[in-house]
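In what follows, chains are A, B, ... by sequence order, proteins preceding strands, each numbered from 1.
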Amino acid sequence: MSDFVNNAVTGLLSYQRTLGTISHNIANATTPGFSRQQTLLSAQPAVVRGREGNGVQVLDVRRHYDQFLTLQLRDTQALQSQLEAFHSQAALLDDVLADPQGGVTPALQAFFSAVQELADDPASTTARIALLNEGDALAARFHYLDDRMADQATSANQRIEGMVNEINALARSLGEINQDILGVGGSRAQSNPDLLDRRDQTLLELSKLVTVSAVEQADGRINVFIGSGQTLVTNDSVFTLSTFADAADASRLRIGYNGVAGSGDITDALNGGELGGVLQYSQSLLPEARNMLGRVAIALAQSFNAQHRDGMDLNGNLGGDFFSVAAPPVLGNANNIGAATVTAAVTDITQLTVQDYTLGFDGALFTLSAADGSSSVAAAGPTLTLDGITVNVAGAAAAGDSFIIRPTRIGGQTLAVAIADSDAIAAAVPITTSTALGNAGSASISTGEVLDVNDPNLLDTITLRFNSATDYDVLDPNGMVLAAAQPYTSGANIDINGWRVQISGVPQAGDSFTVQSNVGGISDNRNALLLGGLPTTGIIDGGTATYQEAYSSLVGSVGAQTREARVNADAQQTLFDSVQGRRESVSGVNLDEEAANLIRFQQAYQASARVIATADELFQSLLNAV
Amino acid sequence: MRISTAQLFQQSIQQIQQRQADINELVEKISSGRAQLRPSDDPFVAARSLEMQQKIARTDQFQENIVLARTNLATQDTVLQDVNVALQRVRELAVQANNASLTAENRAQIAAEVNERISELRQLANTVNADGDFLYAGFRGDTEPFATAVVGALSYIAYQGDDGSRFMQVGDKRQLQTSEPGSDVFQRIRSNNALLTETQAANLGTGQIAPATIVDPTRIGEYAYTFTGAAARNDIMFLDDMAGGQDGVTFTLQGRTYELDVGGGGVLAGNIGVAIAANDPAATIAGLVQAQLAADVTAGDLNNITVTAAGADVQIMSDVATGTTTHTDVATVLATNYAITPAGQTNVSTVTLDGVTYEFRFDNEAALAGNVKVSLGALTAGTTDDQASNFAAAINAQNAGGNTTYSAVADANVTAVQTGAQHNYRIVIKAGGLYDVVDDTLGLNVITDATYTPGQLIAFNGIETAVIGTPNVGDSFSISAGTHQDIFTTVATFAHGLRDPIDDTVTAERIRLTLEDLDAAIDHVSQQQANVGGRLNALETQQDENAAFNLQLRESLSDIADLDYADAVARLEYSLFVLQAAQQSFARVESVSLFDFIG
């Protein structure tokens, strides 16, 4: 009889353990990373052959988990959080450009409307001051957008620093978990399911930040590798990451690995996770967007200035620069040893790309190349020209020196109106043409345009006097013949002293036309009309894109990349959810299941107790029988 | 498949959150009215709609420009209408003045009103537009375009503006002219009666010439042929005709060749004979020539020629500087200072008279066989000589004892005055404070050695002008037939004529020319008005085009960028419905737990 009492007792004890496991499962039903546990029971075989067994025994407490799913979850997590991080960053930029009333477009339009209004009334001080104000507003709009992008660059750097700290903290946790696993002394991986869950969960959290690979050792400890195989955690040794400023560009953060053999730059080897996403954003989309914005600003400044310089202001002076924009910054690598000074300038706005450029020196040749490798040029110096930028090297460079040139990066930030005096707006063309009152022929002269404003004789009074209907003399201000008997073709270009006119119609001998300085021509709006025509002129991208189109392509490009990031992130999320679901399906706690088990094991427990009671009854019956 | 409880929660929550996000976005769209909230919603549409917005704003600006342009053009239309009315009034006055019965007083009254009209026209030409700039000053909007300039004795209205004309941008590719320079509106009016004065560009002094006025149109193009010459060189011989012979001495005026027909010898076909009796005294010949020319003028064969005899003697000039009078043979040879050619040359000058060829030879040369030698003296290279007397002697010798007689005629001259087309004149400053007025068309002086006083009236051939400043010796100022005359000169010349009448003929001629010029001016101003009207029409059309373009753009923009409310609201309804369903099912699912049944 003691046998089955014993058996019943093993049942009671085992079911207590089992119920304990169930209660543990129920308690951890919402604990992240928790794998449901199961108490493994097995029958105790009979000691003597032919006898009944010795009840039940608890073999082990196991967690339900799938090594493959855990691994897959980590991988999908790394990719999902990378895409999500990239998307959330891109969405911020997307939001900055979202408001159609807040972008460059309305300011650009308001500015050129002011140009039109100047053309409508070129002598009006009101129109002139309005143009200066709209110019300031336009510059401010560029500054605003650029500031938002600069803020994002700063906050991306802060996030990178934060994440590197987090990675270090998680790595330390893993090191401690390794020690704990060793401390529990379990020789087998499943010795402490909760510790292993914590280990896996920590690894998953690490994967959320950056892609890592982990190798589990026989004793349940893991070694974690990062980047291109650098050890992050091995046994109880933990190595750390750190951030430092890029030698080539102090505004850019690099990530260093502090290993046994010293520290090294592993930025380019890092991918995946939020860190990968933020790095990708801050190194590609964000600078590209700033460059695109800067390019619009530089194109505007340079082309507007060029036309403005061809004009004449209210005081009779030739136009100066209307806008100013800083020269492209050149960043010397902190490790440069030569004494060369490099300067860069945008010399052809139509060729300008949104690329950054690198200038390297190999001891003999300088090589200027676009960051994406799309173009490059090599020369001994001192001047290299590529994609509309001209780079000038002064002083001696040493082999290995390098420089980063960002032709368009600070365009949006530094655009400003260069003139303060509204009278200095050049609405007029410097020359004016006139027809002699006594002309008998029907020929007329065009109003003239400026080809080369720097011609020293531009403003000289030049008379074109016809000797016959087919030829004319060119006379200087003193009536001296500069060029005699020039053949006349109706409507042909006549280019003299940096200006161009056309005479068309039928002149008669003795007819004359005069081209002279337009000083005092305060009602002349010809240059204002030309300035007003700029926004519909293809200027950027080889003369195919207007200012607005270039800005639109910034909005379109950011939008498209954000959209792509969202689609990718959504797709990855679905995949992640599915893997997560599968993992949950294996390891998750189902309360109904636990409830059922609770009932089941409660009943089993009650049954075992009933066996003891039965034994007691048997015993009582026996006693009563005695 | 096994489902964990947390997963069940998670999935339901996710569903609900997703629906809520959808609803949030829809609500945002509905409240903003935009189909896309951020560029990433549809990058293409985002870029495209920015460009369309820009186009719309640009076109709106063009519409504003059109309103301004219309104001400007409407002002011009009004001004031109007023100018037209003023010119019509002046025309009426001109017709009134063209009446011989008017007294000087009547004419002065008319002149007074014409002067009023001149000020009115000037005020109109100096109209200021809405922006405070002069309408007709070209690019010099702050300069009064038509100001009174005074040059000594003359005052006139001078244009201070330039030839600039303004355009406004009224469409994407369309600029419309919205201003005309005053020079085009008030000055460039075709006229046959215009004079153009120019200070020569090469002048070194500061002299400036004023515009010239025709005060006596009956003297337009007046010039005189004065046949004179140095007696030593230009003596001429009229030969008596031999029987059946012709002397062949001719001169040509206005395309007609006159031949002195001495002794009824006969005239070459096509020539007009001036009959001269053989051995007639010189005075008779002069009278006969004069009478013949006068008869031709009267008969209308010769225009506007007056022939006057200057003294008793007649001399036909053989120095044919003007080219209008030619003498045959003798005169041509004698007029030419010819180069000496060596012996044996064939281009020796010869003259044939009465079938005898006279050959001009140096003393050491012999004439060709059959020719009569006229001795030129010793051979000296470069010698030029006048050998009229030698020639006469040679003819004498030839005819000595023959039946032909001749007589040499003493000095005489013919003056012919012609008027017609305007000539070009030049005032040339000479040393000693003197000046000449040269008729450049004829190469003759009209005024010689007059004393230059700055600003003093210079009058000749019905023209008045003045020069001010200090010209250098050699400086010149030209007065030539112009092609255009400004409105002010036309009207002022008219007023001038009324105030200072020369005689009735002149006055009538002046009024005739004034009417001609006024008609041209009225035509011109009407044409200008028509131009302005045309531009106003073009503006109208452009405005409609812009409006249509903008409407189309706005529609397209609305199509791509504006929210379809019906669709959005329907989707919102649907999302709300789904959310509700998700919430309800969540509540139902989560409310059922096995634990509820335990115990």
Side chain from CB out, backbone as N, CA, C, O: work out which of these in [X] comes under 4.5 Å of a heavy atom of chain A, or both, or neither.
X        : answer
B/Gln11  : neither
B/Arg48  : neither
B/Glu198 : neither
B/Phe167 : both
B/Phe134 : neither

Part of [X] lying under 4.5 Å from any heavy atom of chain B:
X        : value
A/Thr514 : neither
A/Val586 : backbone
A/Val558 : neither
A/Glu549 : both
A/Leu598 : side chain
A/Ala440 : both

Enter the distance from [X]:[atom1] to [Y]:[atom2] here, rounded to the nearest 0.5 Å.
X        : Y        : atom1 : atom2 : answer
A/Gln548 : B/Arg58  : CD    : CZ    : 11.5 Å
A/Leu314 : B/Asp142 : CG    : CG    : 8.0 Å
A/Ile26  : B/Phe595 : CD1   : CZ    : 3.5 Å
A/Glu117 : B/Gln61  : CD    : CD    : 4.5 Å
B/Lys173 : A/Thr536 : NZ    : OG1   : 4.5 Å
A/Asp524 : B/Ser165 : CG    : OG    : 9.5 Å

Is the shortest heavy-atom distance from the side chain of [X] to the side chain of [Y] under 4.5 Å?
X        : Y        : answer
B/Asp162 : A/Gln516 : no
B/Asp133 : A/Asp121 : yes
B/Arg2   : A/Glu593 : yes
B/Gln54  : A/Ser552 : no

Please check this pair: side chain of [X] against backbone of [Y], looking for a donor-acceptor N/O pair closer than 3.5 Å.
X        : Y        : result
B/Arg38  : A/Leu92  : no
A/Arg563 : B/Asp41  : yes
B/Ser4   : A/Gly588 : no
A/Thr562 : B/Ser40  : no
B/Thr483 : A/Asn439 : yes
B/Arg166 : A/Asp120 : yes
B/Arg140 : A/Val519 : yes

What pair of heavy atoms forms the shortest contact from [X] to [Y], and how long is it?
X        : Y        : result
B/Leu594 : A/Ala596 : CD2-N, 3.5 Å
A/Leu437 : B/His484 : O-ND1, 3.0 Å
B/Pro43  : A/Gly559 : CG-C, 3.4 Å
B/Pro39  : A/Leu97  : CG-O, 3.9 Å
A/Asn590 : B/Ile3   : ND2-O, 2.5 Å
A/Tyr551 : B/Leu50  : CE2-CD1, 3.7 Å

Tell me whether the count of non-hydrogen atoms from other residues, nucleotides or ligands lying under 6.0 Å of CZ in A/Arg465 goes above 12.
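No, CZ of A/Arg465 has 12 or fewer neighbouring heavy atoms, counting only those of other groups under 6.0 Å.
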Which one, [options], leads in non-hydrogen pairs under 4.5 Å with chain B?
options                                : result
A/Thr30, A/Thr435, A/Thr447            : A/Thr435
A/Ser113, A/Gly510, A/Ala91            : A/Ser113
A/Ala560, A/Ala29, A/Ala428            : A/Ala560
A/Gly556, A/Gly521, A/Ser585, A/Ser587 : A/Ser585

Side chains of A/Thr105 and B/Gln53, donor plus acceptor under 3.5 Å:
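No pair is found: no donor N or O on one side chain lies under 3.5 Å from an acceptor on the other.
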Out of B/Lys55, B/Gln14, B/Gln10, return the one with the most heavy atom pairs under 4.5 angstrom to chain A.
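The answer is B/Gln14.
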